[in-house]
Amino acid sequence: MFLSSPRKALFLFGLPRSGKTTLTEFLFDAISTQPLPFFLTGFITRELREAGERIGFDLIYLRDKTFKLPLARASSQLPKKGSSRPRVGKYTVFPENLEKMIELLEKDLLSTKNALIFMDEIGKMESFSEKFINFLTHLWEKNLKIVATLGKGEQPLLKEWRNKWEALYIEVTPENRDFLKDRLILEFIRKGKLIVIEGIDGAGKSTLFTILKERFSHKNIVFSFEPTQGQYGKILRNLLREAKVDQETLLELFVKDRTEHVEKLILPSLKEGKTILLDRYYLSTIAYQGVHFRELPYLLLKNETIAPLPDLVIYLEIPIKLALERIQKRNKDISLFEREDLLEKISEIYAKILPLFNYKIIKGDKPLEELYAEILALLKVFIPQI
Ligand code: TMP
């Protein structure tokens with residue numbers, strides 16, 4: 001989950017009125033009732049309405065919502081015209097109030113090393129305050145965990161925070177915001193564990209998986225794999241045997257298959273506190289489809305908006321030549337990706353993205369029993385009941 005992952009920040013972004021603020025407040029409130037080893041603080045920015053019309057924004061301190069400060073007011077609400085204050089559209093902005101809020105958060109942070117700071121939002125209005133920008137940079141550099149919403153706009157500040165490699169980005173839309181409440185809470189509070197085995201074709205994943213499944217059938221562990229056996233997974237398995245496939249279609253199908261998997265199996269199991277062991281997950285999409293879609297952040301966003309972060313990724317690493325030998329011996333249909341040049345690129349992408357997760361690399365070119373013993377020792381640390 002996010003809280004125990006190497007990701008420094010969780011950024012929610014989406015168009016105005018997509019529900020980012022409501023989601024941020026929901027998460028803060030839900031998490032603050034739980035015993036977490038993190039000090040929680042932060043602020044949200046709430047719209048102010050009068051007779052159906054938006055007349056401004058207030059900053060609200062999340063630890064005590066009665067503490068409010070005006071961030072901006074529609075110019076029609078203010079007595080005198082021609083002020084030299086910063087403006088965004090029809091709003092006059094009060095950066096000094098944002099700075100008061102930041103001072104409050106700074107005070108909160110004096111007494112703690114482990115903090116989770118909620119900030120709604122990093123937007124145009126906030127970009128007028130240097131203190132705010134410095135505060136944000138300070139949090140990032142000190143590895144304090146940030147949950148923040150990102151406004152739209154092309155200011156350098158917004159562009160910079162939209163492009164951080166070590167962040168978890170989630171796209172909020174009116175259609176997915178209810179689903180996201182369910183899905184995102186699991187990034188902070190998770191009773192179950194999600195463990196994923198990844199590797200290039202021929203790495204030995206599936207053989208290992210079969211053994212794990214046989215030996216742990218009585219341990220209340222949920223075993224599953226992707227592509228799944230659902231409606232999209234079936235189409236995918238057929239497509240993967242074809243020589244020429246439209247990559248866009250393939251990507252969409254993998255994401256649809258995963259969405260179904262998350263909704264039907266992964267979320268319910270994690271909520272029930274179960275441990276799930278997966279043979280492939282969205283790291284496969286980043287690595288395999290990343291060969292054709294160079295924009296890895298785009299692939300990460302598309303997948304991580306729907307799929308919970310794994311708690312552990314076990315990566316089976318083997319030399320490409322050995323993988324190809326194994327594939328040829330397997331004597332079944334060769335899949336689309338089982339070519340040296342592609343497997344080379346796929347393993348390069350895996351190497352690049354693994355540090356975004358809690359991961360362990362295990363050398364896969366050893367006798368199966370040895371491999372099994374190594375994995376078992378690793379799993380025992382994560383799943384005490386086995
Ligand atoms: P398998 O090795 O588990 O049988 O996986 C089937 C193939 O599908 C394998 O070549 C990897 C590929 N794949 C992707 O390209 N993207 C994905 O998201 C997943 C799950 C698999």
Side-chain angles (χ1 to χ4, degrees), residues 194-213 223-262 264-266 276-296 298-310 313-318 320 322-350 352-354 356-357 362 364:
L194 181 58
I195 299 175
V196 178
I197 304 188
E198 291 277 354
I200 57 171
D201 294 64
K205 253 176 342 73
S206 303
T207 317
L208 184 71
F209 212 74
T210 311
I211 300 181
L212 287 170
K213 208 168 164 177
F223 285 86
S224 191
F225 51 85
E226 292 186 358
T228 69
Q229 280 175 318
Q231 49 175 330
Y232 303 110
K234 282 190 186 133
I235 305 175
L236 272 165
R237 291 205 184 271
N238 285 330
L239 276 182
L240 287 170
R241 287 192 213 106
E242 289 177 16
K244 274 222 173 317
V245 177
D246 173 43
Q247 293 298 328
E248 198 77 52
T249 310
L250 210 55
L251 173 63
E252 288 311 317
L253 284 167
F254 274 120
V255 174
K256 278 193 175 147
D257 183 43
R258 183 157 304 122
T259 304
E260 203 174 70
H261 199 198
V262 167
K264 288 197 175 149
L265 184 101
I266 299 176
I276 311 168
L277 216 55
L278 288 185
D279 178 354
R280 292 201 186 280
Y281 193 34
Y282 67 84
L283 283 86
S284 288
T285 303
I286 317 298
Y288 281 77
Q289 279 59 62
V291 170
H292 300 279
F293 297 88
R294 298 256 145 223
E295 282 288 314
L296 300 188
Y298 164 73
L299 292 177
L300 280 160
L301 167 72
K302 214 170 159 60
N303 281 280
E304 292 188 329
T305 292
I306 54 153
L309 272 181
V313 177
I314 300 174
Y315 182 72
L316 283 191
E317 186 181 69
I318 63 157
I320 310 277
L322 179 59
L324 283 166
E325 273 170 33
R326 286 184 178 173
I327 291 164
Q328 270 140 22
K329 271 196 215 141
R330 219 163 47 192
N331 196 23
K332 65 171 192 184
D333 294 322
I334 301 281
S335 104
L336 198 60
F337 299 106
E338 293 170 348
R339 279 181 15 208
E340 186 165 0
D341 57 336
L342 290 181
L343 291 184
E344 198 86 60
K345 284 190 189 141
I346 292 163
S347 56
E348 277 167 23
I349 302 179
Y350 269 126
K352 190 162 178 201
I353 60 170
L354 280 172
L356 291 176
F357 302 87
I362 296 212

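Each ligand, and each atom within it, is numbered from 1 in the order the structure gives.
Close contacts of ligand 1 with Arg258, meaning ligand atoms under 4.0 Å from a residue heavy atom, involve 18 (O), 20 (C). For ligand 1, the atoms sitting less than 4.0 Å from at least one non-hydrogen atom of Asp201 are 9 (C), 10 (O), numbered in the order shown with element in parentheses. The ligand atoms of ligand 1 that sit less than 4.0 angstrom from a heavy atom of Glu226 are 20 (C). Contact atoms of ligand 1 toward Lys205: 2 (O), 3 (O) (distance under 4.0 Å to a heavy atom of the residue). For ligand 1, the atoms lying closer than 4.0 Å to a non-hydrogen atom of Arg237 are 4 (O). Against a heavy-atom cut-off of under 4.0 Å, Gln289 is close to the following atoms of ligand 1: 14 (C), 15 (O), 16 (N), 17 (C), 18 (O).
Contact check on Glu226 versus Arg258 returns a salt bridge, with a Lys/Arg side-chain nitrogen under 4.0 Å from an Asp/Glu carboxylate oxygen. Salt-bridge formation is not detected for the pair Arg339/Glu344: no Lys NZ or Arg NE/NH1/NH2 atom is positioned less than 4.0 Å from an Asp or Glu carboxylate oxygen.
Side-chain atoms of Ser284 and Glu198 include a donor-acceptor pair closer than 3.5 Å. A donor-acceptor contact closer than 3.5 angstrom links the side chains of Arg280 and Tyr288. A donor atom on one side chain and an acceptor atom on the other are not found under 3.5 Å apart for Gln247 and Gln289.
Looking at Arg280 next to ligand 1, an N or O pair under 3.5 Å apart turns up. Where the criterion is an N or O separation shorter than 3.5 Å, residue side chain and backbone included, Ser206 fails it with respect to ligand 1.
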**Request:** Any chance you could lay out the ring pair (Phe, Tyr, Trp, His ring centres under 6.0 Å) test for Phe209 and Phe225, step after step, and finish with the verdict?
**Result:** CA-CA 10 Å; Phe209 212 74; Phe225 51 85; 7.6 Å; no
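Ring-plane geometry between Tyr298 and Phe293 is classed as tilted, the angle between the planes lying from 30 to 60 degrees on a 0 to 90 degree scale.
The option with the heavy atom closest to atom 12 (C) of ligand 1, from among Phe254, Tyr282, Tyr281, is Phe254.
At a heavy-atom distance under 4.0 Å, atoms from both the backbone and the side chain of Thr285 approach ligand 1. At a heavy-atom cutoff of 4.0 Å, ligand 1 is contacted by the side chain of Leu240 but not by its backbone.
To the nearest 0.5 Å, atom CG of residue Leu240 and atom CD of residue Glu242 are 9.0 Å apart.
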